[in-house]
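Written out below as structure tokens is the structure these notes cover.
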Amino acid sequence: MENNRFRQTCLQNIISDHQSGSAEIACMALKALADYSQRCEEAQPSTYLKELNAFAVALQQTRPSMAILTNIIDAWLEEVNRSKHPQSDVMTLKQVALGKAEELMAQSSQANERIAQHVCDLIADNSVVLTHSISSTIIDCFTKLAKREISAIITESRPGNEGLQLAEKLSKSGIETQYITDAQLGLFMEKADVVLLGADSILADGSVVNKAGTYLTALAAHDLGIPIYVCAEKFKQSRESRETIHLEEMDSAELNLADLPHITARNIYFDVTPPRLINGWIDEEGVQTLMGTPST
């Protein structure tokens, strides 16, 4: 019963978390798997693995718009299930499960650090950097860029207002920042030198799934000739297409609309930005001007 509550709490925490970026969500899921792998009391290796697999799949299904959640848990499952052989005992499986979760969390963190370095190599001193929504990768980029006397323009990113979290972090880093409503993007885009965005998923054709408003941000940047770069580790690359990706819709109560006849509130959290609007995708290996093709 206690383990049941633990699993349900972990699942609900991820489902209800609308403030964290997808890499942070993936880390939460790996921590949950690591914890559960140690507390699971199944004595037989086969039933122990069955429990771990079921919980892992349930975690993957919590946030279908986030490719990293599927991919990083798949990598964990592959290692854990591969370790099963006739001589395996539950203690051995527990060590593998914990070790792989810790390895993947470290790998994701290191990927963000390398992406941030690639961004620093790309962006000139004193640049004005615009971003929309929040991303742990983008926060790492700003942390490194702070030494370069850049300034920032950030959106409030309704609903959820993740921009408030980002504003606090940039303030602590000493980055001069203009905080704007999403509706002011068209006005402020011309003041930017470059747009940096995170991603929840990068689709097979290079399209970017990110917080709703990203597509409009990219359109404004493209119209004014402002370069736009998407920063995302390889775990965020998806085999899905625009036609098959599931864009999560959240509770419309977040929009604070009164109950009115004939009015339906919609709160789809993500949109899809086509690759034609993107100048480059920055992953841990460098800047890609076409998906899978490093720039020179």
Side-chain angles (χ1 to χ4, degrees), residues 6-7 9-36 55-56 58-76 98 100-117 119 131-145 152 154-173 196-202 208-214 230-238 246-248 250 254 269-270 282-284:
F6 173 82
R7 290 194 301 268
T9 298
C10 291
L11 294 171
Q12 189 54 47
N13 285 344
I14 290 176
I15 290 170
S16 60
D17 188 337
H18 301 167
Q19 299 292 313
S20 301
S22 57
E24 293 172 293
I25 294 288
C27 185
M28 287 172 58
L30 286 172
K31 286 178 178 176
L33 286 168
D35 289 347
Y36 186 65
F55 185 38
L59 285 165
Q60 287 177 315
Q61 293 172 345
T62 55
R63 304 301 298 273
S65 298
M66 297 179 174
I68 188 172
L69 195 58
T70 296
N71 293 337
I72 210 164
I73 291 177
D74 275 347
W76 182 84
L98 178 60
K100 188 61 178 179
E102 292 174 342
E103 176 191 327
L104 288 167
M105 284 187 277
Q107 182 179 334
S108 181
S109 177
Q110 290 161 8
N112 276 353
E113 291 175 10
R114 289 195 289 269
I115 290 169
Q117 186 56 58
V119 167
T131 194
H132 174 68
S133 190
I134 195 168
S135 156
S136 59
T137 308
I138 297 300
I139 290 169
D140 285 350
C141 292
F142 274 120
T143 300
K144 277 192 175 291
L145 287 168
I154 63 174
T155 62
E156 62 178 349
S157 304
R158 292 190 71 247
N161 295 345
E162 305 98 292
L164 287 173
Q165 287 186 63
L166 183 56
E168 291 174 0
K169 292 180 183 298
L170 297 189
S171 176
K172 290 177 181 177
S173 295
L196 287 183
L197 295 169
D200 290 284
S201 295
I202 297 179
V208 173
V209 177
N210 199 45
K211 179 71 181 283
T214 298
V230 174
C231 305
E233 63 188 281
K234 286 184 175 293
F235 270 130
K236 294 186 177 182
Q237 295 178 9
S238 171
H246 176 79
L247 301 177
E248 299 167 41
M250 306 303 185
E254 285 189 328
Y269 246 56
F270 302 94
I282 305 176
D283 60 27
E284 53 266 48

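Numbers here are sequence positions counted from 1. The structure presented is a predicted model; accordingly, all values stated were derived computationally and were not measured.
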4.5 Å side-chain heavy-atom contact, [X] and [Y]:
X	Y	answer
Leu98	Glu102	yes
Lys169	Phe142	no
Thr131	Leu197	yes
Leu196	Leu145	yes
Ser22	Leu69	no
Gln107	Ile72	no
Phe55	Leu11	yes
Arg63	Asp200	no

*asked:* Main chain of Asn13, side chain of Asp17: is a donor-acceptor contact present, judged purely on distance under 3.5 Å?
replied: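 Pair absent, no side-chain N/O of Asp17 close to backbone of Asn13.
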*Got a donor-acceptor contact below 3.5 angstrom from the Glu156 side chain to the Leu164 backbone?*
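Checking the backbone N and O of Leu164 against the side chain of Glu156, no donor-acceptor pair under 3.5 Å is found.
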Show the nearest heavy-atom pair for residues [X] and [Y], with the distance to one decimal.
X	Y	answer
Cys231	Val119	SG-CG2, 3.8 Å
Asn210	Ala199	OD1-CA, 3.5 Å
His18	Met250	NE2-SD, 3.5 Å
Cys27	Met105	SG-SD, 3.6 Å

*Cation-aromatic face contact Lys211/Tyr269, 6.0 Å, 45 degrees*: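 Satisfied, under 6.0 Å and within 45°.
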*Under the ring pair (Phe, Tyr, Trp, His ring centres under 6.0 Å) test, residues paired with His246 that sit two or more places apart*: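 Partners of His246 under the ring pair (Phe, Tyr, Trp, His ring centres under 6.0 Å) test: none.
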*By side chain to side chain donor-acceptor pair (under 3.5 Å) - contacts of Thr155 (at least two apart)*: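 For Thr155 the side chain to side chain donor-acceptor pair (under 3.5 Å) partners, ignoring immediate neighbours, are His132, Ser157.
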_Working note: Asp140 + Ile115, criterion side-chain contact (heavy atoms from CB on, under 4.5 Å); need CA distance, chi angles, decisive distance, verdict._
CA-CA 9 Å; Asp140 285 350; Ile115 290 169; over 6 Å; no
*When you look at Ile139 and Gln165, which way does the side-chain contact (heavy atoms from CB on, under 4.5 Å) test go after all the steps?*
CA-CA 10 Å; Ile139 290 169; Gln165 287 186 63; over 6 Å; no
*Looking at Glu233 and Lys236, does any basic side-chain N land under 4.0 Å from a carboxylate oxygen?*
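No.
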